[in-house]
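In this chain, numbering begins with 1 at the start of the sequence shown. Atoms within a ligand are numbered from 1 in the order they appear, just like the ligands themselves.
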Amino acid sequence: MTTLLQINASISNGNGNGQSSQLARQFVSAFQKGNPGTKVMVRDVAAAEPVPHLDGERFGAFIAKPEERSAAQQAVVAYSDALISELKQADLIVLGLPMYNFGVPSQLKAYFDHIARAGVTFKYTDKGPVGQLTGKRAYVFAARGGVYAGTPLDTQTGYVRDFLRFIGISDVTFVYAEGLAMSAHSKEAGLAKATAEIERLAA
Ligand SMILES: Cc1cc2nc3c(=O)[nH]c(=O)nc-3n(C[C@H](O)[C@H](O)[C@H](O)COP(=O)(O)O)c2cc1C
């Protein structure tokens, strides 16, 4: 039985209309049809439960010795541990990825900052860092107003791929819904292309 973690990162989720989250949900529904009994967890990092930015105090909690952590530091670490625990349980990670101002949502960056923990999700070795969250697959559903895939303006794909690899997740597939803000026609075409890919991938 598969355990799936859907991560939504759209600031529009509050209205239920984030395109990236809708595509992620479409994939999850199609996957569930083919894999009944799949356990689904949902983590909304931007709208429902925004992840706070990593600041000096929060990072200080990560690197403090466990026995010396204050109550506030313990709470910060417990929050990070809970995010990591969900990831560890999941065999399959489904990420809805909006593009905002040429990058990933700042709350998704904050989420990444809370799950990159030395000695927990990656280890430093004499051969460089080694990711600890191995044996997982990820699907990323990227929604964009413009068209960037395959061009130097796509700063998201390399960054997200590199980050996931860093924590041990190297089997990552991207699906793009692009041109969503260009015209009604390009939006329809971008969503139709992504939907076709979702059906193929989930089959
Ligand atoms: C604050 C903001 C910034 C955006 N910046 C970009 C951008 O830099 N490039 C782009 O192609 N689209 C941009 N868009 C359009 C979004 O990528 C598009 O609306 C996409 O559907 C967002 O995903 P979501 O619907 O899941 O939130 C921006 C949208 C918002 C709200």
Side-chain angles (χ1 to χ4, degrees), residues 4-33 38 40-55 83 86-87 90 92-116 136-165 167 169 171-202:
L4 186 157
L5 174 63
Q6 179 184 340
I7 303 168
N8 296 332
S10 173
I11 55 174
S12 300
N13 276 345
N15 305 322
N17 54 10
Q19 293 289 355
S20 57
S21 311
Q22 288 185 47
L23 293 168
R25 200 160 48 238
Q26 254 180 51
F27 175 85
V28 172
S29 302
F31 185 86
Q32 280 179 300
K33 276 200 192 113
T38 298
V40 178
M41 300 176 283
V42 180
R43 168 66 54 178
D44 185 326
V45 301
E49 291 177 74
V51 178
H53 284 137
L54 185 67
D55 56 14
L83 297 179
E86 278 174 359
L87 269 174
L92 187 56
I93 288 122
V94 176
L95 170 63
L97 178 66
M99 179 181 281
Y100 297 142
N101 298 316
F102 292 94
V104 303
S106 58
Q107 296 90 343
L108 182 66
K109 173 66 166 65
Y111 172 76
F112 285 172
D113 288 339
H114 279 78
I115 60 170
K136 303 179 190 301
R137 261 184 310 150
Y139 290 95
V140 180
F141 298 96
R144 292 138 177 214
V147 177
Y148 307 102
T151 79
L153 287 177
D154 180 2
T155 59
Q156 294 186 308
T157 302
Y159 167 66
V160 170
R161 201 183 277 291
D162 288 344
F163 178 80
L164 293 177
R165 189 188 298 124
I167 58 170
I169 305 167
D171 184 351
V172 184
T173 303
F174 282 78
V175 173
Y176 302 94
E178 294 197 300
L180 303 186
M182 288 165 57
S183 69
H185 173 73
S186 71
K187 179 175 181 177
E188 201 181 310
L191 290 175
K193 187 167 166 273
T195 297
E197 263 183 88
I198 285 169
E199 279 164 13
R200 186 179 61 78
L201 288 170

Identified side-chain contact (heavy atoms from CB on, under 4.5 Å) partner of R144 from the options D154, L180, L153: D154
Test side-chain contact (heavy atoms from CB on, under 4.5 Å) applied to F141 and T173, L23, L95, N8, the passing residue: L23
What protein heavy atom is closest to [atom], reported as residue, atom name and distance in Å?
| atom | value |
| --- | --- |
| atom 25 (O) of ligand 1 | Q19 N, 2.8 Å |
| atom 22 (C) of ligand 1 | P98 CB, 3.7 Å |
| atom 9 (N) of ligand 1 | Y148 OH, 3.1 Å |
| atom 2 (C) of ligand 1 | Y100 CD2, 3.6 Å |
| atom 5 (N) of ligand 1 | N101 N, 2.7 Å |
| atom 20 (C) of ligand 1 | A143 O, 3.7 Å |
| atom 26 (O) of ligand 1 | S20 OG, 2.5 Å |
| atom 12 (N) of ligand 1 | G145 N, 3.1 Å |

Residues Y176, T157; criterion side-chain hydrogen bond (donor to acceptor under 3.5 Å, both in side chains); working and verdict: CA-CA 10 Å; Y176 302 94; T157 302; 2.8 Å; yes
Those atoms of ligand 1 less than 4.0 Å from some heavy atom in G18: 24 (P), 25 (O), 26 (O)
Derivation of the side-chain hydrogen bond (donor to acceptor under 3.5 Å, both in side chains) call for Y159 and R161: CA-CA 6 Å; Y159 167 66; R161 201 183 277 291; over 6 Å; no
So, is [X] polar-close to ligand 1, with some N/O to N/O distance under 3.5 Å?
| X | answer |
| --- | --- |
| G146 | yes |
| I11 | no |
| M99 | yes |
| S21 | no |

Distance (rounded to the nearest 0.5 Å) between E199 CD and K33 NZ: 9.0 Å
Working for side-chain contact (heavy atoms from CB on, under 4.5 Å), residues L5 and R43: CA-CA 7 Å; L5 174 63; R43 168 66 54 178; 4.1 Å; yes
Sidechain-backbone polar pair: N101 side chain, G103 backbone, donor-acceptor under 3.5 Å: no
Contact partition for L180 relative to ligand 1, non-hydrogen atoms under 4.0 Å: side chain
Proximity winner for atom 27 (O) of ligand 1, if only heavy atoms of S10, G103, G96 are counted: S10
Plane angle bin for F163 and F112 - parallel if under 30°, tilted between 30 and 60°, otherwise perpendicular: parallel
Salt bridge (charged side-chain N to carboxylate O under 4.0 Å, His left out) evaluation trace for K193 with E178: CA-CA 9 Å; K193 187 167 166 273; E178 294 197 300; over 6 Å; no
Test log, rule side-chain hydrogen bond (donor to acceptor under 3.5 Å, both in side chains), inputs Q26 and T195: CA-CA 8 Å; Q26 254 180 51; T195 297; 3.3 Å; yes
